[in-house]
Amino acid sequence: LSSMIARTVVVSNEEVDAALKERHEKISLQYLSIDPLPLMSQITPSEEEIDAFYAIAENKVRIPESRDFDVVRISMERAMEKTTVSMAEVKAFYDANMDRWRFDEQRHLRHILISTEGKNQAERAILKAKAEDLLKQAQGGADFAKLAKENSDDKSNAADGGDLGWIFRGQTEPGFEQVAFNLKVGEIGGVAETSYGYHIIKSEGSEPAKVRTVEEVRDEIAGELTSQRATELVQQTAERLRAEVASNPDNVEAIVNAEPLAQFARYQSISNTSSVGNISSGTQLRQEMNERNVGEVTYAGEIGGNSMAFAIVRKINPDREATKEEALARITATLKEHQASNLAQRKLEEAAEALRSGADIRTVARNMGLTYGEAPPFNRLSAAEGIGNVGELYQAFNQPVGGMVPPFRSGNKFYLVKVSGKEEANLAELAKERDEIRRQLTAVKAQERLQLYLEGVQSRLEKEGRIKLDTERVTALMQGGRNI
């Protein structure tokens, strides 16, 4: 059916010419622009304007539901201060975890990698010769770090002169380790071969295998045990206090004041999307605070830094219409924005009148505090430099040189544009495009005729009662629904 309709479509030469002109015609612009934002500081809405704005129903502002909370925080910092660890406990932990204090032999190394990944045998031979030459240079006294920066394929450390830091035995491939761990400090060796390629290696330092003494790790162990015990103390205290508060919610302050690790805070009119003290919005605990009823206590949850907290809902404030005083800031800002936009548009209308009277556009910009700009030639399919691709600019293509388009807004600014030049499409040079343009226009016309035909058939069959359109199922199908 589509093919039959397409064969009946005729596209005239005039239509093809018009399409080519529309696609290839170019214009250049001079324009004036103004940002209304700075103008807002010059505007003060009157009381009458504010009252009139507030009186309009669609301008009403609603205050969303909010809640009042009592929050109990159990402080990890205070728990840490109250937790002590004896030397005997440190020693017992040390003895029970001896494997943690053993360190294998380690070396501080630099290397230069000549990568062989993806290379064939002939290429690998050339790369190995390069590595051997670099080894010779390094052993001859060349600056190893400089050689690494200029030649190493290991980009993770080449800029640092090939510095690998401290490497333990067993941490690298055998071919690398065999060379590296047989070097004396300051010695350079190679060429070592691994799956990555060829390595030239320099030893910068050496540490023998050893076991760290209890004195060396005393502070580390004490800190770990203190943190562990303080965390347990916080958890135990939080659960105990929560149970006490849940059984006696009206006495929460007294309960908290009797516990050295706890802190009490009261919050009022907190929106459902806001954080509450250290309880961040979006967390599970904060979500539960929105779901509990008045007088109920949430679970005790972690709030960061291993501190914990729970909350009691004291009041739920339903959403409501804001008073004029509550909405005043928003009303004022909206009015100032609206009036600033009107002022900006009036300025451009005055500028347009001055231009129509023969004034120079740069002089108008200077006298009226407007920004002057120019857009080099562009067509309907491209954007105007400095303005963008906005629908109002299409009107400019129908204007003669010197013609203007009424002020319009694009993004945050208002613009007044004047056509400063036109480049007509050269139809003789566009002959190669004619057939493609004709095919495109034919396809568009055929689709339009097919749509009209189908709509006519559908209308006739519906009138005759031979079909009934299920609009709900059609809508579901168009929206991608599956249950149709």
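This is a predicted model, so every value here is computed, not measured. Just so you know, these numbers use all the heavy atoms, side chains as well, and skip hydrogens, waters and symmetry mates. Numbers here are sequence positions counted from 1.
In this structure, Arg409 contributes its side chain and Gly411 its backbone to a donor-acceptor pair below 3.5 Å. In this structure a side-chain-to-backbone donor-acceptor pair under 3.5 Å is missing from Arg124 to Gly197. When atom types are taken as modelled, the side chain of Asp68 and the backbone of Ser269 share a donor-acceptor pair closer than 3.5 angstrom. Formation of a donor-acceptor pair under 3.5 Å by the Ser382 side chain with backbone atoms of Asn379 is found in this model. Judged purely by atom type and a 3.5 angstrom limit, Thr298 has no side-chain atom pairing as donor or acceptor with the backbone of Phe310. Looking at Ser280, its side chain never comes within 3.5 Å of a backbone N or O of Thr283 through a donor-acceptor pair. Here the side chain of Gln139 pairs a donor or acceptor atom with the backbone of Ile188 at under 3.5 angstrom. For Asp160 (side chain) and Gly162 (main-chain N/O), no donor-acceptor pair under 3.5 Å exists by modelled atom type. Listed for the Asn290 side chain is a donor-acceptor partner under 3.5 Å among the backbone atoms of Asn272. A donor-acceptor pair is defined here as one N or O able to donate and one able to accept, closer than 3.5 Å; no such pair exists between the side chain of Ser227 and the backbone of Gly223.
When side chains are defined from C-beta on, Phe176 counts as touching Leu109, because their heavy atoms get closer than 4.5 Å. Two residues are said to be in side-chain contact when any heavy atoms from C-beta on lie closer than 4.5 Å; Phe69 and Val313 meet this criterion. Contact of the Leu328 side chain with the Tyr54 side chain is not registered, since no non-hydrogen atoms from C-beta on lie closer than 4.5 Å. Lys26 is not listed as a side-chain neighbour of Lys422, based on a closest heavy-atom distance of 4.5 Å or more. Counting heavy atoms from C-beta on, the side chains of Leu393 and Tyr415 never come closer than 4.5 Å. A 4.5 Å side-chain heavy-atom check between Asp319 and Ile63 finds every atom pair outside the cut-off. Looking only at side-chain heavy atoms (C-beta outward), Thr172 and Thr194 stay at 4.5 Å or farther from each other. Using a 4.5 Å cut-off on side-chain heavy atoms (C-beta onward), Gln284 and Tyr299 make contact.
Atom CG of Asn157 is separated from atom CG of Leu164 by 5.0 Å, given to the nearest 0.5 angstrom. Put simply, CG on Leu355 and CG on Leu416 are 6.0 Å apart, with the number rounded to the nearest 0.5 Å. Rounding to the nearest 0.5 Å gives a distance of 9.5 Å between CZ of Phe53 and OG1 of Thr332. Between the NZ atom of Lys413 and the CG atom of Leu348 there is a distance of 12.0 Å, given to the nearest 0.5 Å. Atom CD1 of Ile201 sits about 11.0 Å away from atom CZ of Arg107, to the nearest 0.5 Å. With rounding to the nearest 0.5 Å, the separation of CD in Glu296 from CE in Met289 is 13.0 Å.
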Next on the checklist: Ser275 vs Ser281, test: side chain to side chain contact (heavy atoms under 4.5 Å, CB included). Steps then yes/no.
Outcome noted: CA-CA 4 Å; Ser275 298; Ser281 61; 3.8 Å; yes
Item to check | Glu173 and Ser195: CA distance, side-chain angles, deciding distance, side-chain hydrogen bond (donor to acceptor under 3.5 Å, both in side chains) verdict | outcome: CA-CA 8 Å; Glu173 292 188 18; Ser195 61; 2.5 Å; yes
Checklist entry - Can you list the steps and then say if Glu77 with Ser307 is a side chain to side chain contact (heavy atoms under 4.5 Å, CB included)? => result CA-CA 8 Å; Glu77 296 88 347; Ser307 292; 3.6 Å; yes
Next on the checklist: Set out, in order, the CA-CA distance, both residues' side-chain angles and the distance that settles side chain to side chain contact (heavy atoms under 4.5 Å, CB included) for Lys324 and Asp51, then state yes or no.
Outcome noted: CA-CA 8 Å; Lys324 189 181 81 170; Asp51 288 341; 2.7 Å; yes
Item to check | Criterion side-chain hydrogen bond (donor to acceptor under 3.5 Å, both in side chains) on Gln399 and Gln395, from CA distance to verdict | outcome: CA-CA 7 Å; Gln399 296 289 333; Gln395 301 175 48; 5.9 Å; no
Item to check | Residue pair Glu326, Val61: steps toward the side chain to side chain contact (heavy atoms under 4.5 Å, CB included) verdict | outcome: CA-CA 9 Å; Glu326 289 172 323; Val61 177; over 6 Å; no
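Taking the six-membered ring for Trp and thresholds of 30 and 60 degrees, Phe397 and Phe378 have ring planes more than 60 degrees apart, a perpendicular arrangement. Relative orientation of the His111 and His199 rings is parallel, given thresholds of 30° and 60° on the angle between their planes.
Crowding of Glu374 atom CD: a count of heavy atoms from other residues, nucleotides or ligands under 6.0 Å exceeding 12. Counting heavy-atom neighbours within 6.0 Å of Tyr196 OH, excluding the residue itself, gives a total of 12 or less. Around NE2 of His338, the count of heavy atoms belonging to other residues, nucleotides or ligands within 6.0 Å does not exceed 12. Few gaps surround CG on Asn120; more than 12 heavy atoms of other groups in view lie less than 6.0 Å from it.
Nearest heavy atoms, Ile114 versus Asn151: CD1-O, 3.8 Å. Between Val71 and Ala309, the shortest heavy-atom contact is CG1-CB, 4.4 Å. Closest approach of Leu135 to Val191, counting heavy atoms only: CD2-N, 3.9 Å. What you find for Leu32 and Ala365 is that their closest heavy atoms are CD2-CB, 3.5 Å. Taking each heavy atom of Val364 and Ala354 in turn, the nearest pair found is CG2-CB, 4.0 Å. Taking both residues in full, the closest heavy atoms of Val294 and Lys315 are given as CG2-CA, 4.1 Å, listed atom of the first, atom of the second, then distance.
At a cut-off of 3.5 Å, with distance as the only test, no side-chain donor of Arg346 or Asn342 sits close to an acceptor on the other residue.
For Glu350, there are no salt bridge (charged side-chain N to carboxylate O under 4.0 Å, His left out) partners at least two apart in sequence or on another chain.
Electrostatic pairing of Lys336 and Glu49 does not count as a salt bridge here, judged by no charged N lying under 4.0 Å from a carboxylate O.
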